[in-house]
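One structure is given here, and the rest of the page talks about it.
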Amino acid sequence: MRVDIVTIFPEFFQVLDVSLLGKARQDGIIDVRVHDLRDATTDRHRTVDDTPYGGGAGMVMKPEPWGQTIDAILDDAAGQPAVPAEGSGSGDARPLVVFPSPAGTVFTQATARRYALEPHIVFGCGRYEGIDQRVFDDTAERARVELVSLGDYVLNGGEVAVTAMIEAFGRLVPGVVGNPESLVEESHEDGLLEYPSYTKPALWRGREVPDVLLSGHHAKIAAWRHEQQIERTRRVRPELLPPELR
Ligand SMILES: N#Cc1c(-c2ccc3ccn(Cc4ccncc4)c3c2)n[nH]c1N
């Protein structure tokens, strides 16, 4: 899987060199390439923003550097088709270009599962008040474009969102996580929040571990854990429960 990231803060993504994703990159499972948008500027100040047409506070990111950078990435990728992950992908052979945006559809585990099957994703990290709309419109001429939001709060740019999204889908790419079984019983994976976890010691500060977990009775443990998932989801995120369980 190939991932390209366009940003004015390339150093931000050094975080992707560590931990699980760092190993996935070293193992060649995920090929991450970071591009400095300012490399596509032509003026002495390497300008990437300008005042908004129609007035208003803040600055808007100029279309020219974006168009040039995205074209270069897509042209390069066209010459080196990336291998899709196992499983059925979107079926649309065009590359996917994702722009984090407060105006985007909310990123969920379902999004992460879908992205994990893509052979190539380009992420465009905006800053300031956002990117000139024509960049999205022009890119959509040759790629699938998605505006995606981490959630209903305001960030200063797309870099944090892209880091979170890459972590969320990267761990689902086959070969990245050592034990794929560990991905199954997680919050949101089956639509419910995860059950509470315990480990040794059996007694800690006067607090014991639920007896059922010490029983060795696998069917009872599984039943208790599913009930805990439903109770926790009902308490914390009732909207996630299927109607019949609300
Ligand atoms: N994903 C995501 C996001 C963002 C986000 C993403 C990209 C950009 C680029 C620029 N900004 C700053 C800005 C622009 C317009 N309105 C408010 C703030 C961004 C915010 N904010 N909140 C989220 N959940």
Side-chain angles (χ1 to χ4, degrees), residues 1-18 21 25 30-80 82 94-107 111 115 118 120-170:
M1 178 180 195
R2 173 174 169 174
V3 175
D4 288 274
I5 304 169
V6 182
T7 174
I8 60 172
F9 297 121
E11 66 278 9
F12 192 97
F13 293 99
Q14 287 169 10
V15 68
L16 299 182
D17 292 333
V18 299
L21 278 165
R25 293 180 76 177
I30 301 179
D31 170 15
V32 179
R33 307 178 194 196
V34 182
H35 308 265
D36 186 343
L37 185 69
R38 295 190 193 279
D39 289 348
T41 59
T42 54
D43 65 304
R44 189 157 59 93
H45 299 292
R46 310 186 83 204
T47 307
V48 292
D49 64 308
D50 206 333
T51 54
Y53 278 121
M59 303 292 272
V60 175
M61 299 192 91
K62 294 169 59 62
E64 302 96 323
W66 280 102
Q68 181 179 316
T69 305
I70 291 173
D71 281 354
I73 292 168
L74 296 184
D75 291 347
D76 176 70
Q80 310 167 4
R94 292 177 302 160
L96 177 62
V97 182
V98 176
F99 295 95
S101 167
T105 55
V106 177
F107 182 86
T111 319
Y115 285 7
E118 290 288 341
H120 182 206
I121 301 179
V122 181
F123 286 100
C125 300
R127 279 275 158 174
Y128 307 101
E129 292 307 309
I131 303 170
D132 187 302
Q133 175 64 35
R134 291 169 293 179
V135 173
F136 309 137
D137 301 339
D138 182 70
T139 304
E141 295 288 315
R142 63 182 294 190
R144 288 169 288 148
V145 172
E146 294 187 9
L147 271 59
V148 181
S149 169
L150 266 197
D152 296 336
Y153 41 84
V154 179
L155 302 170
N156 289 328
E159 285 79 7
V160 165
V162 167
T163 303
M165 292 179 198
I166 291 177
E167 172 133 334
F169 76 74

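Note that the structure is a prediction, hence the values are computed from the model and not measured.
- The side-chain contact (heavy atoms from CB on, under 4.5 Å) test with Tyr128 singles out one residue from Asp50, Ile8, Val60, and that residue is Ile8.
- Separation of atoms CD (Gln80) and CG (Asp31) is listed at 8.5 Å; rounding is to 0.5 Å.
- Using a 4.0 Å cut-off between charged side-chain N and carboxylate O, Arg33 and Asp76 make a salt bridge.
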- Task: For Asp39 and Arg46, run side-chain contact (heavy atoms from CB on, under 4.5 Å): C-alpha distance rounded to whole Å, both residues' side-chain angles, the deciding distance at 0.1 Å, then the answer.
- Result: CA-CA 8 Å; Asp39 289 348; Arg46 310 186 83 204; 2.6 Å; yes

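- The heavy-atom pair separating Pro63 from Val135 by the smallest distance is CA-CG2, 3.6 Å.
- The distance from atom CZ of Arg127 to atom CE of Met59, rounded to the nearest 0.5 Å, is 15.5 Å.
- Residues Ala40 and Thr69 come closest through the heavy atom pair CB-OG1, 3.3 Å.
- Other residues, nucleotides and ligands contribute at most 12 non-hydrogen atoms within 6.0 Å of the CG atom of Asp152.
- Atom CD of Glu167 has 12 or fewer neighbouring heavy atoms from other residues, nucleotides or ligands inside a 6.0 Å radius.
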- Task: Would you sort out whether Trp66 and Asp132 count as a side-chain contact (heavy atoms from CB on, under 4.5 Å), showing the intermediate values?
- Result: CA-CA 9 Å; Trp66 280 102; Asp132 187 302; over 6 Å; no

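- Note on ring orientation: taking the six-membered ring where Trp is involved, the planes of Phe169 and Tyr115 are perpendicular (angle over 60°, cut-offs 30° and 60°).
- Residue Val162 comes nearest to Pro100 through the heavy atom pair CG2-CG, 3.4 Å, listed as atom of the first residue, atom of the second, then distance.
- The local environment of OH in Tyr153 is crowded, with over 12 non-hydrogen atoms from other residues, nucleotides or ligands closer than 6.0 Å.
- Taking both residues in full, the closest heavy atoms of Arg25 and Phe13 are given as NH1-O, 4.5 Å, listed atom of the first, atom of the second, then distance.
- Here CD1 of Ile121 is found 10.5 Å from CD1 of Ile5. Values are rounded to the nearest 0.5 Å.
- Closest approach of Pro95 and Arg142 over heavy atoms only: CD-O, 4.1 Å.
- With Thr47 contributing its side chain and Asp49 its backbone, the two residues share no donor-acceptor pair below 3.5 Å.
- Interatomic distance, His35 NE2 to Cys125 SG, rounded to the nearest 0.5 Å: 11.0 Å.
- Salt bridge Arg38/Asp36: absent, no basic N to carboxylate O contact under 4.0 Å.
- Atom-to-atom distance recorded for Asp138:CG and Gln133:CD is 11.5 Å, nearest 0.5 angstrom.
- Smallest separation of non-hydrogen atoms from Ile30 and Gly170: CD1-CA, 3.9 Å.
- In the displayed structure, Asn156 atom CG is contacted under 6.0 Å by at most 12 heavy atoms of other residues, nucleotides or ligands.
- To the nearest 0.5 angstrom, Arg144 atom CZ is 7.0 Å from Arg94 atom CZ.
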